[in-house]
Amino acid sequence: MTLWISVVVAGIATYLIRFSFIAMFGKVEVPPLLERALRYVAPAVLAAIALPGLIVRDGGVDVTNPYVPAAIVGGLAAYFTKSIGAAIVVGLPALWLFTWIVG
Amino acid sequence: MDTTATWKDGFRATLPILLGIAPFGAIFGVTAAATDVDQWAAWASSFLVFAGASQLAIIDVIGTGGAAFTAIFTAVVINSRHFMYSADLGRYTKDKPMGVRARMAYLLTDQAYLVTAARFPDASNAPGLVPYYFGAALALWGTWQITTTAGILLGAFIPDSWQLEFAIPMTFAALLILAVRTRAGLLAAVVGGVVAVAAVDLPYGLGLMTGAAAGVLAGLMADRRYG
């Protein structure tokens, strides 16, 4: 149920964001401070999701878990190919390899 | 350009991009299937929210025990970039009926905006913009629905030992690598990530919000300093 509520409300909110300036006849400009802040939303949020997901294990920081080297390998693939798909296609087998080495 | 664009032109311009969207859609679906969350709600997010990174973030927050308001806030923050697209697209659609604009807004994505903006650099003279946009946007919408649905169906048959949950942080790390272009952006990422890790024990998944806010603030301060 929590997920349903989240999806429906996030869907409505996302629609309102998309419609906002299109609806206002394009006569209203984006406020400059908002425009500047929006530039940093992507890096800040993406890192705030990715880093804990990669290095926090069972409630504690563990930089030696297999996710870390696998993400470095996948990250290099993304960097050189500019592709998210490549990060997964390369990163996942790397994770299996590192899990097997540790295990 | 002198020739009027049609929906077919928009559709065609989008084809190479679909090759990048399709695997992301499949990854989203398969990853959603690997988590314990309500599969129907995860599936419905593809047409209710229709924004990949935020859909994945919602599932990540709820799947790790976060509250609904954290998931919603995170999705809104991730999708706030659509303000920019909406503002730019609004310049082209001033004289269009509200119903057309309402439908254009529902289909607005990074790719639909970028493809259209690339084809029509001049907002004051854009014949065929609306059909071109719909040709591109509907191709993206259809591809997203098909690939996410296929991913969820397929994901149910994939064993846990494949560790597909890894795709969530890996996807966000890859998006991050592609998003950082300036020193201030890099600082926003470092501060956002480190603060989120330090605040990971906060209830309701609030660590994510704390990290995001700190990162944006750091980026703004660095922006002011470096110009």
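Order of the sequence lines fixes the chain letters, A, B, ..., with proteins taken first and strands second; residue numbering starts at 1 for each chain. Being a predicted model, the structure only gives us computed values, none of them experimental.
The contact between B:Asp60 and chain A is made entirely by side chain atoms (from C-beta outward), counting heavy-atom distances below 4.5 Å. In this structure, the portions of B:Leu108 lying under 4.5 Å from any heavy atom of chain A include both its backbone and its side chain. The contact between B:Glu165 and chain A is made by backbone and side chain atoms together, counting heavy-atom distances below 4.5 Å. At a 4.5 Å heavy-atom cutoff, the contact between B:Val200 and chain A is made by side-chain atoms alone. Looking at B:Leu178, the atoms closer than 4.5 Å to chain A (heavy atoms on both sides) all sit in the side chain, from C-beta outward. With a 4.5 Å cut-off on non-hydrogen atoms, A:Arg36 touches chain B through its backbone and its side chain both. Contact of B:Thr70 with chain A is not made at all, since no heavy-atom distance falls under 4.5 Å. Looking at A:Ala70, the atoms closer than 4.5 Å to chain B (heavy atoms on both sides) sit in the backbone and in the side chain alike. Heavy-atom distances place both the backbone and the side chain of B:Leu176 under 4.5 Å from chain A. Both the backbone and the side chain of A:Val41 come within contact range of chain B, each with at least one heavy atom under 4.5 Å from a heavy atom of that chain.
Of the possible polar contacts, one joining the B:Thr148 side chain to the B:Trp144 backbone as a donor-acceptor pair under 3.5 Å is found. With hydrogens and angles disregarded, a donor-acceptor distance shorter than 3.5 Å links the side chain of B:Gln39 to the backbone of B:Val37. With B:Thr210 contributing its side chain and B:Leu206 its backbone, the two residues share a donor-acceptor pair below 3.5 Å. Between the side chain of B:Arg224 and the backbone N or O of B:Leu220, no donor-acceptor pair lies under 3.5 Å. Checked by atom type and distance alone, the side chain of B:Tyr92 pairs as donor or acceptor with a backbone atom of B:Phe120 at under 3.5 Å. Judged by distance alone, with hydrogens and angles left aside, the side-chain atoms of B:Thr93 form no donor-acceptor pair with the main-chain N or O of B:Lys96 at under 3.5 Å. Distance alone, capped at 3.5 Å, is enough to place a donor-acceptor pair between the B:Ser80 side chain and the B:Val77 backbone. Remark: the backbone N or O of A:Leu38 is not paired with any side-chain donor or acceptor of B:Arg81 at under 3.5 angstrom. The backbone N or O of B:Leu217 sits nowhere less than 3.5 Å from a side-chain atom of A:Tyr40 that would complete a donor-acceptor pair.
Between B:Phe134 and B:Met104, some side-chain heavy-atom pair lies under the 4.5 Å cut-off. The shortest distance between side-chain heavy atoms of B:Thr147 and B:Phe24 does not fall below 4.5 Å. The shortest distance between side-chain heavy atoms of A:Leu51 and B:Phe172 does not fall below 4.5 Å. Within the 4.5 Å cutoff, no side-chain heavy atoms of B:Tyr113 are placed close to those of B:Met84. In this structure, A:Asn65 and A:Val102 have side chains that are not in contact, with every pair of non-hydrogen atoms separated by 4.5 Å or more.
With 3.5 Å as the limit, one finds a donor-acceptor pair spanning the side chains of A:Thr64 and A:Asp62.
Inspection of non-hydrogen atoms places B:Leu48, B:Val49, B:Phe50, B:Ala51 of residues 46-54 of chain B under 4.5 Å from chain A. Residue-level contacts of residues 5-18 of chain A with chain B, in order of numbering, are A:Ile5, A:Ser6, A:Val7, A:Val8, A:Val9, A:Ala10, A:Gly11, A:Ala13, A:Thr14, A:Tyr15, A:Ile17, A:Arg18; threshold 4.5 Å between heavy atoms.
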From CA spacing to verdict: side-chain contact (heavy atoms from CB on, under 4.5 Å), A:Phe19, B:Tyr106: CA-CA 7 Å; A:Phe19 198 27; B:Tyr106 169 66; over 6 Å; no
Test log, rule side-chain contact (heavy atoms from CB on, under 4.5 Å), inputs B:Leu164 and B:Ile158: CA-CA 9 Å; B:Leu164 285 176; B:Ile158 294 177; 3.5 Å; yes
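Here B:Ala68 is the residue among B:Pro23, B:Ala22, B:Ala68, B:Gly215 with the most heavy-atom pairs under 4.5 Å with chain A. Interface check for chain B: of the options A:Val45, A:Leu54, A:Thr99, A:Leu95, the most heavy-atom pairs under 4.5 Å are formed by A:Leu95. Per-residue heavy-atom pair counts under 4.5 Å with chain A were compared for B:Gly192, B:Ala179, B:Ala41, B:Ser161, and the maximum is reached by B:Ala41. The candidate with the highest count of non-hydrogen atom pairs below 4.5 Å against chain B, out of A:Gly53, A:Ala50, A:Pro43, is A:Pro43. Heavy-atom pairs under 4.5 Å with chain A were tallied for B:Ala198, B:Ser86, B:Pro169, B:Ala214; the largest tally goes to B:Ser86. When the candidates A:Val61, A:Ile88, A:Val89, A:Thr2 are compared by the number of heavy-atom contacts under 4.5 Å with chain B, A:Ile88 comes out ahead. When each of A:Ala78, A:Gly74, A:Ala42, A:Pro52 is checked for heavy-atom pairs under 4.5 Å with chain B, A:Pro52 comes out on top. For the set B:Val180, B:Ile27, B:Ile78, the count of heavy-atom pairs under 4.5 angstrom toward chain A peaks at B:Ile27. Highest contact tally toward chain A, considering only B:Gly66, B:Ala102, B:Ala199, is held by B:Ala102 [criterion: heavy-atom pairs under 4.5 Å].
Atom CG of B:Asp160 sits in a sparse spot, with 12 or fewer heavy atoms from other residues, nucleotides or ligands closer than 6.0 Å. Open room surrounds CH2 on B:Trp162; 12 or fewer heavy atoms of other groups in view lie less than 6.0 Å from it.
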